[in-house]
Asker: 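Can you read through this structure? Questions will come right after.
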Amino acid sequence: MKFKEKLLENDFGAYLYDLRMKHEYTVEELVEKLNIETIKSKNIRKWEHDLEFPNLDQMYKLSEIYRIPIEELIQVRTQTLEEGLKGIHKEIVRFLSYLLGFSIYGTIILSNILIYGTLIIVFLNFIAIANQTL
């Protein structure tokens, strides 16, 4: 995939990887350019696999090295986090769908019934306990 296509996927790690490849830096060269004592090559690899995110100081240095606005890095990072949260929900639904043998749509309906049913039961129990104490 090309640089712009990865950016559209809202994947911060892939975005950082593409920036590094575009500038033809090895991981070790990037570590050296960052010139931050605590940064090691394993940090860069974690960033590029979305296992960790660089802090604001590190992102500022990356924006200087790659000559891009810091806002762009922050935006892609934020989009990745938002998509990741949505993805967790999707993965849970897919797993439950597979486990239960239902369609994904059926699993979503069932999970909503279970969630709201549980809330109703908890609320009714709360009322029953409150009435007993009076």
Asker: Set out, in order, the CA-CA distance, both residues' side-chain angles and the distance that settles side chain to side chain contact (heavy atoms under 4.5 Å, CB included) for Phe12 and Gln79, then state yes or no.
Answerer: CA-CA 8 Å; Phe12 186 69; Gln79 290 171 343; over 6 Å; no
Asker: Evaluate side chain to side chain contact (heavy atoms under 4.5 Å, CB included) for Ile44 paired with Glu28, printing each intermediate quantity in order.
Answerer: CA-CA 9 Å; Ile44 306 296; Glu28 290 75 21; over 6 Å; no
Asker: Evaluate whether atom CD of Glu52 has more than 12 neighbouring non-hydrogen atoms of other residues, nucleotides or ligands under 6.0 angstrom away.
Answerer: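 Yes, because the 6.0 Å sphere around CD of Glu52 holds more than 12 heavy atoms from other groups.
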Asker: Enter the distance from Ile36:CD1 to Leu62:CG here, rounded to the nearest 0.5 Å.
Answerer: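 So the gap between those two atoms works out to 7.5 Å.
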Asker: Ignoring hydrogens and geometry, is there a side-chain-to-backbone donor-acceptor pair from Glu72 to Pro69 under 3.5 Å?
Answerer: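 No.
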Asker: Rounded at 0.5 Å granularity, tell me how far CG in Leu114 sits from CG in Leu110.
Answerer: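 Answer for the CG-CG pair, Leu114 versus Leu110, is 4.5 Å.
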Asker: CG/Asn43 to CD/Gln58 distance, rounded to the nearest 0.5 angstrom?
Answerer: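 These two atoms lie 7.0 Å from each other.
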Asker: For His49, I'd like to know if atom NE2 has over 12 heavy atoms of other residues, nucleotides or ligands within 6.0 Å.
Answerer: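 No, the 6.0 Å shell around NE2 holds no more than 12 heavy atoms from other groups.
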Asker: For the residue pair His23 and Tyr25, does the interplanar ring angle fall in the parallel (under 30°), tilted (30 to 60°) or perpendicular (over 60°) class?
Answerer: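 Taking Tyr25 first and then His23, their aromatic rings lie parallel (interplane angle under 30°).
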Asker: Specify the closest pair of heavy atoms between Phe53 and Thr80, including all atoms of both residues, with the distance to one decimal.
Answerer: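 Closest approach of Phe53 to Thr80: CZ-CG2, 4.1 Å.
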Asker: Hey, could you give me the CG/CZ distance between Asn131 and Phe126, rounded to the nearest 0.5 Å?
Answerer: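 One gets 10.0 Å once the value is rounded to the nearest 0.5 Å.
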Asker: To the nearest 0.5 Å, how far apart are CG in Leu73 and OH in Tyr60?
Answerer: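 Going from CG on Leu73 over to OH on Tyr60, the span is 12.0 Å.
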Asker: So if you build clusters from Ile, Leu, Val, Met, Phe, Trp, Tyr with side-chain heavy-atom gaps below 4.5 Å, do Tyr17 and Val31 land together?
Answerer: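 No; tracing contacts between hydrophobic side chains, which count when under 4.5 Å, never links both residues.
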Asker: Taking all non-hydrogen atoms of both residues, which atom of Glu24 and which atom of Glu29 are closest, and how far apart?
Answerer: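 Heavy atoms of Glu24 and Glu29 come nearest at O-OE1, 3.6 Å.
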Asker: Decide yes or no on side chain to side chain contact (heavy atoms under 4.5 Å, CB included) for Phe123 and Leu119, but give the supporting numbers first.
Answerer: CA-CA 6 Å; Phe123 180 73; Leu119 288 173; over 6 Å; no
Asker: Any sub-3.5 Å donor-acceptor pair from Gln132's side-chain atoms to Ile129's backbone N or O?
Answerer: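 Between the backbone of Ile129 and the side chain of Gln132 there is no qualifying donor-acceptor contact (under 3.5 Å).
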Asker: Output the distance between atom CG (Leu30) and atom CG (Leu16), rounded to the nearest 0.5 Å.
Answerer: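 Between atom CG of Leu30 and atom CG of Leu16 there are 8.5 Å.
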Asker: Looking at Lys33, I'd like to know if its NZ atom is crowded, meaning that more than 12 non-hydrogen atoms belonging to other residues, nucleotides or ligands lie closer than 6.0 Å.
Answerer: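 No.
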